[in-house]
Amino acid sequence: QVQLVESGGGSVQAGGTLIMACAASGDPASRGCMGWFRQVSGKEREAVATINRVRSTTTYNDSVKDRFTISQDSAGNTVFLQMHGVLHEDSAVYYCAAMPGNWNTRCDEPDINYDYWGQGTHVTVSS
């Protein structure tokens with residue numbers, strides 16, 4: 001089965017940069033799509049960015065499109081989220097998620113369509 005472990009979360013000043021990583025293991029066919037989601041207490045989880053692991057195509061939430069970058073390593077086992085120019089509104093618990101996908105899969109699906117989830121990592125934007 002697919003297992004996901006996030007790292008790199010923490011505190012960062014507004015306007016700063018934070019890079020998070022999601023280490024994935026398990027059946028590659030079950031994680032053709034990888035995504036970063038975030039959730040604030042009392043609010044619904046929202047998609048931040050996704051990447052098709054097979055095709056390396058990406059999608060972004062409009063609120064982060066010009067500031068965040070999702071990418072993967074050459075082996076396809078680690079997905080990164082580079083957060084630049086962070087805002088207070090970016091404070092949330094960030095989750096790495098995966099679902100099956102192939103070359104033709106559109107990965108910007110609702111969170112309910114993602115099958116595997118990491119435990120989440122807190123991001124707090126200060127000052």
Side-chain angles (χ1 to χ4, degrees):
Q1 303 300 316
V2 172
Q3 291 188 316
L4 308 172
V5 180
E6 303 99 336
S7 63
S11 296
V12 59
Q13 289 190 328
T17 297
L18 191 67
I19 302 175
M20 296 187 294
C22 174
S25 61
D27 180 21
S30 295
R31 49 184 175 92
C33 289
M34 301 290 295
W36 285 97
F37 295 77
R38 66 187 181 187
Q39 185 171 32
V40 178
S41 296
K43 300 179 66 177
E44 293 186 354
R45 180 181 291 146
E46 67 173 357
V48 177
T50 71
I51 183 169
N52 184 309
R53 188 185 60 80
V54 182
R55 197 171 184 176
S56 293
T57 51
T58 60
T59 68
Y60 295 92
N61 188 301
D62 286 342
S63 67
V64 307
K65 187 172 184 177
D66 296 325
R67 300 182 295 116
F68 292 8
T69 300
I70 187 171
S71 61
Q72 64 178 343
D73 66 348
S74 58
N77 293 325
T78 303
V79 176
F80 303 93
L81 183 67
Q82 184 176 20
M83 307 168 62
H84 177 71
V86 296
L87 306 170
H88 286 106
E89 301 91 278
D90 295 320
S91 295
V93 177
Y94 283 71
Y95 297 90
C96 178
M99 63 178 256
N102 56 40
W103 182 270
N104 298 313
T105 302
R106 186 170 183 260
C107 293
D108 57 338
E109 294 290 316
D111 56 352
I112 60 174
N113 291 338
Y114 277 76
D115 300 317
Y116 308 99
W117 294 83
Q119 288 189 301
T121 183
H122 288 264
V123 172
T124 302
V125 181
S126 63
S127 73

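M20 is not listed as a side-chain neighbour of E6, based on a closest heavy-atom distance of 4.5 Å or more. By the 4.5 Å heavy-atom criterion applied to side chains, V125 and L87 are not counted as neighbours. Counting only heavy atoms from C-beta outward, the side chains of H84 and L18 never approach each other to under 4.5 Å. Within the 4.5 Å cutoff, the side chain of Q39 has no heavy atoms near those of the E44 side chain. Residues M34 and L4 meet the side-chain proximity criterion, which asks for heavy atoms closer than 4.5 Å. The shortest distance between side-chain heavy atoms of W117 and C96 does not fall below 4.5 Å. Counting heavy atoms from C-beta on, the side chains of M83 and V12 never come closer than 4.5 Å. Using a 4.5 Å heavy-atom threshold, the side chains of E46 and F37 count as separate.
The shortest heavy-atom contact between G120 and Y95 is CA-CD2, 3.6 Å. Residue Y114 comes nearest to T50 through the heavy atom pair OH-CG2, 3.6 Å, listed as atom of the first residue, atom of the second, then distance. For the residue pair S30 and V2, the shortest heavy atom distance occurs at CB-CG2, 3.7 Å. The nearest pair of heavy atoms linking G101 to T105 is CA-OG1, 3.3 Å. Residues P100 and D115 approach most closely at CD-OD2, 2.9 Å, considering heavy atoms. Nearest heavy atoms, G9 versus T121: CA-OG1, 3.3 Å.
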- Task: Could you go through the side-chain contact (heavy atoms from CB on, under 4.5 Å) check for L81 and T69 one step at a time?
- Result: CA-CA 6 Å; L81 183 67; T69 300; over 6 Å; no
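Of the possible donor and acceptor atoms, none in the side chain of R45 sits under 3.5 Å from a partner among the backbone N and O of R38. Here the side chain of H88 pairs a donor or acceptor atom with the backbone of S127 at under 3.5 angstrom. In this structure a side-chain-to-backbone donor-acceptor pair under 3.5 Å is missing from N102 to G32. At distances below 3.5 Å, at least one donor-acceptor pair connects side-chain atoms of D73 with backbone N or O atoms of G76. With hydrogens and angles disregarded, no donor-acceptor distance shorter than 3.5 Å links the side chain of D27 to the backbone of Q1.
Using cut-offs of 30° and 60° for the angle between ring planes, the Y94 and F68 rings count as tilted.
Contacts of S126 classified as side-chain contact (heavy atoms from CB on, under 4.5 Å), with partners at least two apart in sequence or in another chain: Q13.
Just one residue in the list Q72, R31, R53 forms a side chain to side chain contact (heavy atoms under 4.5 Å, CB included) with N77, and that residue is R31.
A distance of 10.0 Å separates SG in C33 from CD1 in I51, rounded to the nearest 0.5 Å. In this structure, CG in D66 is found 10.5 Å from OH in Y60, a value given to the nearest 0.5 Å. Put simply, CD1 on I70 and OG on S56 are 10.5 Å apart, with the number rounded to the nearest 0.5 Å. Atom NE2 of H122 is separated from atom OG of S11 by 10.5 Å, given to the nearest 0.5 angstrom.
Judged by distance alone, the side chains of T124 and S91 never bring a donor and an acceptor atom under 3.5 Å apart.
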